[in-house]
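Here's the structure we're looking at; comments come further down.
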Amino acid sequence: MQIRLYNTMTRKLEEFKPITPNHVGYYNCGPTVYWDQHLGNMRTFLNADILKRMLLANGYTVNHVMNYTDVGHLTSDEDTGEDKMEKGAARENISVWEVAAKYIKSCERDMASLNILPPTHAVRATDHIKEQIELLQKLEKMGFTYEIPGDGIYYDTSKFPDYGALGGQNLSELKAGARIENNGKRNITDFALWKFSPRDSKRQMEWDSPWGVGFPGWHLECSAMSMKYLGDHFDIHSGGQEHIKVHHTNEIAQSEPIVGKPWVHYWVHWEWLMLKDGKMAKSSGSFWTVQGLIDKGYDPMTYRYLLLLGHYRQPIVFSFESLDAAATGYKNIIRKVADLMNDKSGDTDQDLYQQWHDKILAPVSDNLKTAEALVVIQDLLKDKTVNNTTKLALFGFIDDLLGLQFIDRATKLHKLESVEAPENVKELAQKRLEAKKSRDFALADSLRSEIDSLGWNVLDSVDGFKLVKKQ
RNA sequence: GGCCAGGUGGCAGAGUGGUUAUGCAGAGGACUGCAAAUCCUUCUAUGCCGGUUCGAUUCCGACCCUGGCCUCCA
C-alpha cells in the first residue's frame with residue numbers, strides 16, 4: 001500500500017520510499033529524564049508508535065531507535081544556565097545517576113500503560129560518550145570546530161552552507177531575528193559540541209576528552225547514536241516540532257559533513273498537546289501524567305483514543321471534558337465488540353476482511369490519518385453484511401495497527417458478563433420476572449434491590465432477564 | 001522583530017470545488033412499569049471582506065483573531 005508522510009525538509013507530503021526494500025531505519029527523539037514524562041511528552045511517543053505500527057502493518061521491518069537524554073545540559077550557553085539533571089538530583093536529594101534511572105523507569109512504565117511498543121534500541125547518551133567524542137574528532141579534523149577558552153568546543157555554522165534548511169531559514173535571516181547574546185561565538189547559531197566542566201565546582205557527570213574534562217553538547221548524542229544503530233543514512237527521523245529550528249538543524253549540521261547528503265530521508269515532526277491557556281509543560285507547574293490519569297480511575301487507552309481522534313500535525317487541546325467524551329466513545333466501542341463475542345458463528349469472510357483491512361490501513365498509511373480510520377471502524381461496526389467472526393478478526397488487526405486493545409477490553413467485559421449467576425440469585429430473578437408479569441412492580445423492585453445487594457445486576461431482555469455480575 | 005501553524009456545529013475534531021465526517025452531549029422514537037443496553041430518526045457550523053468560478057467551507061488576496069517556535073523543552 002502506498003505510504004505518504006509529510007516531510008518537514010521539503011514541506012510536502014511525499015510518497016515513502018525506503019533505502020532498503022521492506023526495511024525502515026527510524027529514529028525518534030526521546031525525553032530528557034529529569035522528571036516524570038507528562039501527557040504532552042507521551043503524545044510524541046504515541047505518535048512514533050503509530051508511525052511504527054503503520055510501517056509494520058505494511059510489511060516493513062522497523063529498526064526503531066529512541067534515546068534517553070540522561071546528561072544534563074545547560075539551558076543557555078552561559079555558565080549561569082541551570083542543568084535539569086543536576087537540578088532534579090538536588091530536588092530529590094539523590095544522585096544524577098539515580099535521577100536518570102528513576103525517570104527512565106517511570107517513562108517505560110507510562111509507555112507500557114499506553115501500549116506503546118518498546119523501541120528496538122532504547123539508548124542512553126551516557127552509554128555513548130565514546131561515540132560522541134569520535135564524532136567530534138571527525139568534525140574537528142574537517143575544520144568545523146573552534147574553542148572558546150574556558151567554555152567549550154563549538155561548531156562553526158558558517159562553515160556549513162545548508163545551515164538552517166530544515167527550518168526554512170538561512171544564516172542571515174537567523175541573525176536578523178536573533179534575540180540572544182553570542183558570548184564569544186563566531187555566529188549567533190553556533191552551538192556547543194563539548195562543554196568544559198566549571199573550575200570551581202565538580203559535576204556529577206563529566207568525562208575525560210581530548211579537549212579536557214567536561215560533557216558533550218546536547219545535539220551530539222542523537223547524531224552519534226543514530227549513526228551507530230542505524231548506519232550513516234536512514235529513513236525517518238522524528239521528534240517534537242520545537243526541535244526543527246535548533247536541535248534537528250544542528251544534528252544535520254553535525255552529520256551531513258561526515259556522511260554526505262541527505263543524512264536522513266524523511267523528517268517528521270509532532271505537534272503539541274495544549275491546555276486551554278497554553279502548552280502543557282513541566283515548567284508551567286501543573287501537568288498530568290499517564291499514571292496520574294490511572295490514579296484518577298481512567299483507562300489509559302482513553303487517552304490513546306483521544307489522541308488518535310486528532311492529527312499529529314495539529315495541536316490537541318487537552319481537558320478532562322474532552323477526555324471524558326473520549327472515554328465514553330471508547331467504552332461504547334468496547335461494548336459493541338463484546339457483543340460481537342456473543343455469537344461467533346460463521347467463518348471469516350476473506351474477501352470482506354481484506355476489503356475492510358485496506359479501508360482501515362489506507363488512511364493511516366496516508367500521513368497517519370488515524371481519525372479517518374476511527375470513522376471506518378464506526379462504519380464497520382454498523383455494517384450488517386459483515387459477520388461477527390470477520391469483524392472480530394478485523395478488530396484484531398485494528399489492535400495491531402492502532403494499539404487500542406479493543407479485543408482485550410472487550411474480552412474482559414464479555415467474560416464478566418458470562419459469569420453464571422448462583423442458583424439463589426437466579427431464583428430471585430425468576431420471581432421478579434413473575435412479579436413483573438402480574439404487574440406487582442413494588443415486589444419486582446424490592447427483588448431487584450435484593451439481587452443488587454448480592455452483587456448482581458438484573459437486566460430485562462426480550463426473552464426474560466439477564467444477570468450480570470457487578471464490577 | 002524573524003519564522004510557522006491554525007480559525008469548522010454545545011464540545012472534541014476530520015474530509016471535501018457542488019450531495020457537508022465521526023465521536024461526545026442534546027432532542028424525538030422503537031423497546032419498557034422503571035432502569036440498563038441496543039437500534040432508528042434528528043437540530044445546531046465552516047472568523048471577516050473581496051476575487052476566481054455556473055457554484056467555495058474547500059482555490060487566491062487583504063484584514064481580524066488565536067496559538068506555537070526563535071532560550072532547555074515532546
Side-chain angles (χ1 to χ4, degrees), chain A residues 8 11 28-32 34-35 37-48 69 72-78 81-85 87 164 167-169 172-181 188-189 218 238-247 249 269-274 276-284 305-306 308-311 313-319 321-333 335-336 338-339 363 369-379 382 417 435-436 439-442 444-445 448 452 457-462 466 468:
Chain A
T8 307
R11 299 186 184 249
N28 183 234
C29 275
T32 304
Y34 66 100
W35 211 338
Q37 301 303 309
H38 57 64
L39 293 178
N41 297 303
M42 297 316 284
R43 184 182 182 195
T44 304
F45 310 138
L46 198 140
N47 284 143
T69 298
H73 298 286
L74 304 182
T75 54
S76 75
D77 290 324
E78 302 161 63
E82 70 187 20
D83 176 323
K84 298 218 157 151
M85 294 298 297
K87 203 182 166 194
Q169 283 178 292
S172 61
E173 280 172 331
L174 285 161
K175 277 177 182 162
R179 289 193 320 199
I180 46 173
E181 301 298 316
I188 202 80
T189 45
W218 173 44
S238 64
Q241 52 96 339
E242 79 286 356
H243 288 325
I244 296 170
K245 290 263 166 68
V246 177
H247 182 49
T249 289
H269 290 96
W270 318 120
E271 250 304 339
W272 290 24
L273 185 75
M274 307 299 297
K276 276 179 216 125
D277 46 1
K279 68 182 182 183
M280 183 175 279
K282 292 180 184 106
S283 55
S284 70
Y305 184 76
L306 173 67
L308 296 189
L309 287 169
H311 188 256
R313 293 196 66 227
Q314 216 56 49
I316 286 181
V317 179
F318 177 83
S319 68
E321 288 76 16
S322 58
L323 186 66
D324 286 338
T328 310
Y330 180 69
K331 271 185 211 148
N332 286 347
I333 296 175
R335 166 80 268 151
K336 288 170 193 173
D339 287 345
K369 291 176 181 168
T370 51
E372 273 190 66
L374 291 174
V375 171
V376 178
I377 289 169
Q378 296 288 346
D379 293 341
K382 285 176 201 159
E417 292 181 349
K436 271 180 60 178
R439 304 193 68 80
D440 186 350
F441 299 123
D445 284 348
R448 173 156 62 192
D452 185 80
N457 285 325
V458 58
L459 308 175
D460 291 337
S461 58
V462 185
K466 189 178 170 189
V468 176

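Each chain gets a letter, A, B and so on, in the order the sequences are listed, and its residues count up from 1. Only heavy atoms go into these numbers, but all of them, side chains included; no hydrogens, no water, no symmetry mates.
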Integer angstrom distance from the C1' of G6(B) to that of U46(B):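 These two C1' atoms come out 14 Å apart once rounded.
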Min side-chain heavy-atom separation Trp270(A)-Leu46(A) under 4.5 Å: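 Answer no - side chains too far apart.
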Sub-4.5 Å side-chain heavy-atom contact between Ile333(A) and Gln378(A):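 Yes, at least one pair of side-chain atoms sits under 4.5 Å.
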Of Arg335(A) and Ile316(A), the one whose closest RNA chain B nucleotide lies more 5':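 Nearer the 5' end of the strand: Ile316(A).
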Of Arg313(A) and Asp339(A), the one whose closest RNA chain B nucleotide lies more 5':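 That would be Arg313(A).
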Heavy-atom closest contact (Ala435(A) atom, Ala444(A) atom, distance):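 That closest heavy-atom pairing would be CB-N, 4.0 Å.
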Exam field: side chain Thr44(A) to backbone Gly240(A), donor-acceptor pair closer than 3.5 Å: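 Checking the backbone N and O of Gly240(A) against the side chain of Thr44(A), no donor-acceptor pair under 3.5 Å is found.
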Side-chain donor or acceptor of Ser322(A) paired with backbone N/O of Phe318(A) under 3.5 Å: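 It does not hold such a pair.
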Nearest to the side chain of [X], heavy atoms from C-beta on, is which of [options]?
X: Lys245(A); options: C3(B), G67(B), A74(B); value: C3(B)
X: Thr32(A); options: A74(B), G23(B), A12(B); value: A74(B)
X: His38(A); options: A74(B), A14(B), C24(B); value: A74(B)
X: Asn41(A); options: C24(B), A74(B), G15(B); value: A74(B)
X: Gln314(A); options: U38(B), G2(B), A14(B); value: A14(B)

Rounded interatomic separation in angstrom, taking [atom1] from [X] and [atom2] from [N]:
X: Ile377(A); N: C24(B); atom1: CD1; atom2: P; result: 14 Å
X: Leu308(A); N: A12(B); atom1: CG; atom2: C1'; result: 14 Å
X: Ile244(A); N: C3(B); atom1: CD1; atom2: C1'; result: 11 Å
X: Arg11(A); N: C69(B); atom1: CZ; atom2: P; result: 16 Å
X: Glu271(A); N: G68(B); atom1: CD; atom2: P; result: 10 Å
X: Gln241(A); N: A74(B); atom1: CD; atom2: P; result: 12 Å
X: Lys336(A); N: C40(B); atom1: NZ; atom2: C1'; result: 13 Å

Distance test, side-chain N/O of Asn47(A) to OP1/OP2 of A74(B), below 4.0 Å: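 It does not, given that no N or O in the side chain of Asn47(A) lies less than 4.0 Å from OP1 or OP2 of A74(B).
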Strictly under 3.5 Å: I want the nitrogen or oxygen pairs between protein and nucleotides 29-35 of chain B, one per line.
unit_1	atom_1	unit_2	atom_2	d
G33(B)	O6	Arg432(A)	NH2	3.2
G33(B)	N1	Asp445(A)	OD1	3.0
G33(B)	N2	Asp445(A)	OD1	3.2
G33(B)	N2	Asp445(A)	OD2	2.5
C34(B)	O2	Arg448(A)	NH2	2.4
C34(B)	N3	Arg448(A)	NH1	3.4
C34(B)	N3	Arg448(A)	NH2	3.3
C34(B)	N4	Asp460(A)	OD2	2.1
A35(B)	N1	Asp460(A)	N	3.1

Base, sugar-phosphate, or nothing: which does [X] touch, judged by heavy atoms less than 4.0 Å apart?
X: His247(A); value: nothing
X: Leu374(A); value: nothing
X: Lys382(A); value: sugar-phosphate
X: Gly310(A); value: sugar-phosphate

Euclidean distance, Asp445(A) CG relative to Asp452(A) CG, rounded to 0.5 Å: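 The distance works out to 11.5 Å.
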Atom pair OG1 (Thr32(A)) and CD (Gln37(A)), whose distance is rounded to the nearest 0.5 Å: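 Atom-to-atom, Thr32(A):OG1 and Gln37(A):CD are 8.0 Å apart.
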Sidechain N-carboxylate O distance under 4.0 Å for Lys466(A), Asp460(A):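 Here Lys466(A) does not pair with Asp460(A) in a salt bridge, since their nearest N and O are not under 4.0 Å apart.
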